[in-house]
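Every chain is numbered from 1 and lettered A, B, ... according to where its sequence line falls, protein lines coming before strand lines.
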Amino acid sequence: MLLIDVVRVSEAVTRTSARLGKIGHLAELLGRVGPDEAEIAISYLSGELPQRQVGVGWRTLEDIPQPKLAATATLTAVDELLSRIKAVSGQGSQAARRALVAELFAGLTSQEQQFMSRLLHGELRQGALDGVMIEAVAKASGAPSADVRRALTLRGWLPAVGAAALGGGVEALRAFRLEVGRAVSPMLAGSAPNVAAALEKAGTPAALEWKLDGVRVQAHRCGPSAVKVFTRTLDDITAQVPELVEAVLAMPSDDLVLDGEVLALRPDGRPHPFQVTASRVSSKTNVERLREQTPLSVFFFDALRVDGADLLDLPYSQRQEALAGAVPPGLLTPRLVTGDVAEAEKFFTDVVRAGHEGLVVKSLTSPYAAGRRGAGWIKVKPRHTLDLVVLAAEWGHGRREGKLSNLHLGARDPEGGFVMLGKTFKGLTDELLAWQTERFLELAEGPTDEWTVALRPELVVEIAFDGVQRSPRYPGGMALRFARVLRYRPDKRVEDADTVDTVRSLML
DNA sequence: TTCCGACAGTGGGGTCGCAAT
DNA sequence: ATTGCGACCCCACTATCGGAA
């Protein structure tokens, strides 16, 4: 199959707004793709590369060769070149990588070049990713989408699941098993504004678990001496977390799959800022030295397999029993089962006072269903707000093209002027986006660069955020974490906006 | 007919590893 | 030694579609 066949379908998917229409276009192509090219086609059309990352970003793609006129590139040839690019990126010069990228793009038409650029950027923007592709695989193979979804949970990679479904139908899908040592797609949580709302969603009584601000880990014990650890995106971080490996090796069972969170705690037991944990977990060199300075702790909250028994389909409460039997009590995430709102709210206050992120409220009956947010797990976190001043705005991309989208936020400096604390584009409705674009252009002092418009500091906006973190980037040495717009405050003057001192007092 | 769950899109700050400067 | 780039940790929120109620 030619790359252009895939590109044409992607363009048709982009033009079609109805989800069922998108699924129809994708399924049609899956119906005519050969078995050796199915993985590549499914991968590209769900917006990812079979190689995952190949070490090519926006900078590398700034200048690419003239396009060809005739579309002759085959999927397999393109895939093979991308694998070579990845290999060179792993160990080789940038010049060698650039040469291979040039070779790839020189073989593509203009239409194909645009597709490949977006794919490499991870910005296909065709309105279809895994969720839509699951349905397309189901339609093309004749298997129920629940079976496709289930196989994806166990296998963790849709192209392999899709290729199996196209080749062997529903039986091939049902042959997928949880395999110790191979990552499973993790179950994700939805969110609620407060504990009472979360309890309502999860059903009572529910389990309340501490939400720790670290890195999600899936630990596999594969036999007497082997452990593997994966992140939420299924990357292998075993070598970076020796403490966790040792903790799992010390457990009596030698056939386990556990779900948990790893984080750095201070000697007094309170958590380090997320930045400290992230730094430790992502460091690959000097791990032994680093673990002495910043040891990691792990807390498990679910068990997918214990002593060779798969537990994914069991209700939460039964998985908890298995977890408690397999993991020492000190490595269990603190939890409380209750249906009482007052008791739950006290537990929430306690966990926040202990310095942690909040709670995850879990239905006692839900199975471990990967990939689908919001079903059985609901997270709750406290919310801070500040009244800040809009200092500048950046032009948006994609569906926000032509709109001023990303706001530069500043706190008032009592000495005069403003101190930038970060940016946000979140929380804006289309209506607000249109309004602010118009209003900003009235306040514009002129462009500071290609994307940014400086504004007269006159607008006050109420911003919600999760916390203040240390920042090497901004002049005040601090930045807001997960800032989002709540509403504009036309009733407030700039003199009423919060000051940097207020923000600094929150950074404790 | 209305409601709501699931999905895709739009990007945010911070940090590491690596190659080039 | 520093800088630029790519990758990936953490993540909130809105718009939309289409099935459920």
Side-chain angles (χ1 to χ4, degrees), chain A residues 16-23 46-47 52-62 89-98 120-135 149 188-191 193 201 213-217 231-235 237 240 261-263 273-286 290 357 371-375 379 381 383 394 396-401 403 405-409 421-433 463-474 478-486:
Chain A
T16 309
S17 67
R19 208 126 63 202
L20 295 177
K22 291 177 190 285
I23 291 165
S46 47
R52 294 194 68 176
Q53 72 285 348
V54 295
V56 174
W58 61 274
R59 199 62 211 247
T60 314
L61 296 176
E62 266 185 347
S89 297
Q91 47 174 34
S93 71
Q94 285 190 14
R97 190 185 62 197
R98 277 178 186 278
L120 285 165
H121 284 130
E123 295 180 342
L124 203 50
R125 293 177 183 174
Q126 59 175 18
L129 296 170
D130 270 13
V132 172
M133 183 56 87
I134 284 169
E135 299 299 329
R149 214 171 270 282
L188 305 175
S191 59
K201 274 195 189 180
D213 193 9
V215 172
R216 179 86 176 262
V217 285
T231 65
R232 195 172 86 76
T233 48
L234 313 189
D235 291 294
I237 55 162
Q240 288 129 271
E261 189 90 1
V262 66
L263 80 167
F274 173 73
Q275 287 153 303
V276 174
T277 293
S279 167
R280 208 1 263 281
V281 171
S282 56
S283 294
K284 296 180 181 181
T285 54
N286 295 324
L290 288 171
E357 246 195 316
R372 306 216 111 163
R373 271 181 196 278
K379 62 186 162 191
K381 298 191 282 187
R383 193 188 75 175
E394 296 175 20
H397 299 85
R399 70 183 303 282
R400 291 189 177 189
E401 182 105 50
K403 297 285 191 297
S405 168
N406 200 3
L407 311 183
H408 293 202
L409 304 169
L421 292 172
K423 309 178 188 180
T424 186
F425 54 90
K426 298 171 186 167
L428 298 163
T429 60
D430 285 1
E431 192 186 6
L432 207 49
L433 218 43
I463 298 294
F465 60 100
D466 278 22
V468 183
Q469 56 192 359
R470 301 185 66 83
S471 169
R473 174 180 317 213
Y474 291 108
M478 50 192 181
L480 302 183
R481 191 159 180 222
F482 308 140
R484 59 268 190 194
V485 173
L486 289 182

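Here the side chain of A/Thr424 pairs a donor or acceptor atom with the backbone of A/Lys426 at under 3.5 angstrom. In this structure, the side chain of A/Gln126 engages the main chain of A/Ala128 through a donor-acceptor pair within 3.5 Å. Distance alone, capped at 3.5 Å, places no donor-acceptor pair between the A/Ser405 side chain and the A/Phe425 backbone. A donor-acceptor contact shorter than 3.5 Å is absent between the side chain of A/Arg98 and the backbone of A/Leu61. The backbone N or O of A/Ala18 sits nowhere less than 3.5 Å from a side-chain atom of A/Thr16 that would complete a donor-acceptor pair.
Direction of the helix axis in the helix from B/dA8-C/dT14 to B/dT21-C/dA1 shifts by 10° between the two five-pair termini, rounded to 10°.
Distances shorter than 4.0 Å separate none of the side-chain N or O atoms of A/Gln126 from OP1 or OP2 on B/dA8. A close approach under 4.0 Å does occur between a side-chain nitrogen or oxygen of A/Trp58 and OP1 or OP2 of C/dG6. Close to B/dG12, at under 4.0 Å from its OP1 or OP2, lies a side-chain N or O of A/Asn406.
Distance from the side chain of A/Leu129 is smallest to B/dA8 among C/dC8, C/dA12, B/dA8. Comparing atom distances between the A/Glu394 side chain and each of B/dG12, C/dC5, C/dC11 picks out B/dG12 as nearest.
Between A/Glu394 and A/His408, the side chains place a donor N or O and an acceptor N or O closer than 3.5 Å (distance only, hydrogens not considered).
Remark: P of B/dG5 and CZ of A/Arg149 are 15 Å apart, rounded to the nearest angstrom. Note: CZ (A/Arg97) to P (C/dG4) measures 16 Å, nearest angstrom. Distance A/Arg383 CZ to C/dC13 C1': 12 Å, rounded to the nearest Å. Atoms NZ (A/Lys201) and P (B/dC4) sit 11 Å apart, rounded to a whole Å. Distance A/Asp235 CG to C/dG6 P: 18 Å, rounded to the nearest Å. Between the P atom of C/dG6 and the CD atom of A/Glu62 lies a distance of 9 Å, rounded to the nearest Å. Computed from coordinates, the A/Ile134 CD1 to B/dG5 P distance equals 19 Å when rounded to whole Å. For A/Arg484 and C/dA12, the CZ to P distance is 7 Å, given to the nearest whole Å.
Among the heavy atoms of the strands lying under 4.0 Å from A/Val56 are primed sugar atoms or P, OP1, OP2 only; no base atom is included. Using a 4.0 Å heavy-atom distance criterion, A/Lys22 is classed as making no nucleic acid contact. Backbone-only contact: A/Asp130 has heavy atoms under 4.0 Å from sugar-phosphate atoms and none from a base. Within 4.0 Å (heavy atoms only), A/Ala128 reaches sugar-phosphate atoms of the nucleic acid but no base atom. As judged by a 4.0 angstrom heavy-atom cut-off over every strand, A/Glu123 is placed among residues making no nucleic acid contact. Counting non-hydrogen atoms under 4.0 angstrom, A/Thr60 reaches the backbone sugars and phosphates but no base.
Taking the nucleotide of DNA chain C with the nearest heavy atom to each of A/Gly55 and A/Val215, the more 5' of the two is matched to A/Gly55. Comparing A/Ala464 and A/Val217 against DNA chain C, the residue whose closest nucleotide sits nearer the 5' end is A/Val217. Residues A/Leu124 and A/Thr424 each lie close to DNA chain B; by heavy-atom proximity, the contact nearer the 5' end of the strand is made by A/Leu124.
The two residues A/Lys22 and A/Ser17 come nearest to each other via the heavy atoms CE-O, 3.8 Å.
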*Indicate for each nucleotide in nucleotides 13-18 of chain B, in 5' to 3' sequence, whether protein heavy atoms under 4.0 Å reach the base (B), only the sugar-phosphate (S), or nothing (-).*
SSSSS-
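A cation-pi arrangement is found for A/Arg481 relative to A/Phe274, the charged atom lying closer than 6.0 Å to the ring centre and inside a 45° cone about the ring normal.
Taking CZ of A/Arg484 as the reference point, atom CD1 of A/Ile463 lies at 9.5 Å (rounded to 0.5 Å). Atom CD of residue A/Glu357 and atom CD of residue A/Glu261 lie 7.5 Å apart, to the nearest 0.5 angstrom.
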Would you tabulate the nitrogen or oxygen pairs shorter than 3.5 Å linking the protein to nucleotides 14-17 of chain C?
unit_1, atom_1, unit_2, atom_2, d
C/dA15, OP1, A/Asp430, N, 2.9
C/dA15, O3', A/Arg399, NH2, 3.4
C/dC17, O3', A/Arg19, N, 3.1
C/dC17, O2, A/Arg19, NH2, 2.8

*Where do A/Arg383 and A/Asp466 land on the salt bridge (charged side-chain N to carboxylate O under 4.0 Å, His left out) test, with the steps shown first?*
CA-CA 6 Å; A/Arg383 193 188 75 175; A/Asp466 278 22; over 6 Å; no
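The residues A/Lys403 and A/Asp430 are annotated as not salt-bridged, no charged nitrogen and carboxylate oxygen being separated by less than 4.0 angstrom. Ion pairing between A/Arg149 and A/Glu135 holds under the 4.0 Å rule for side-chain N and carboxylate O.
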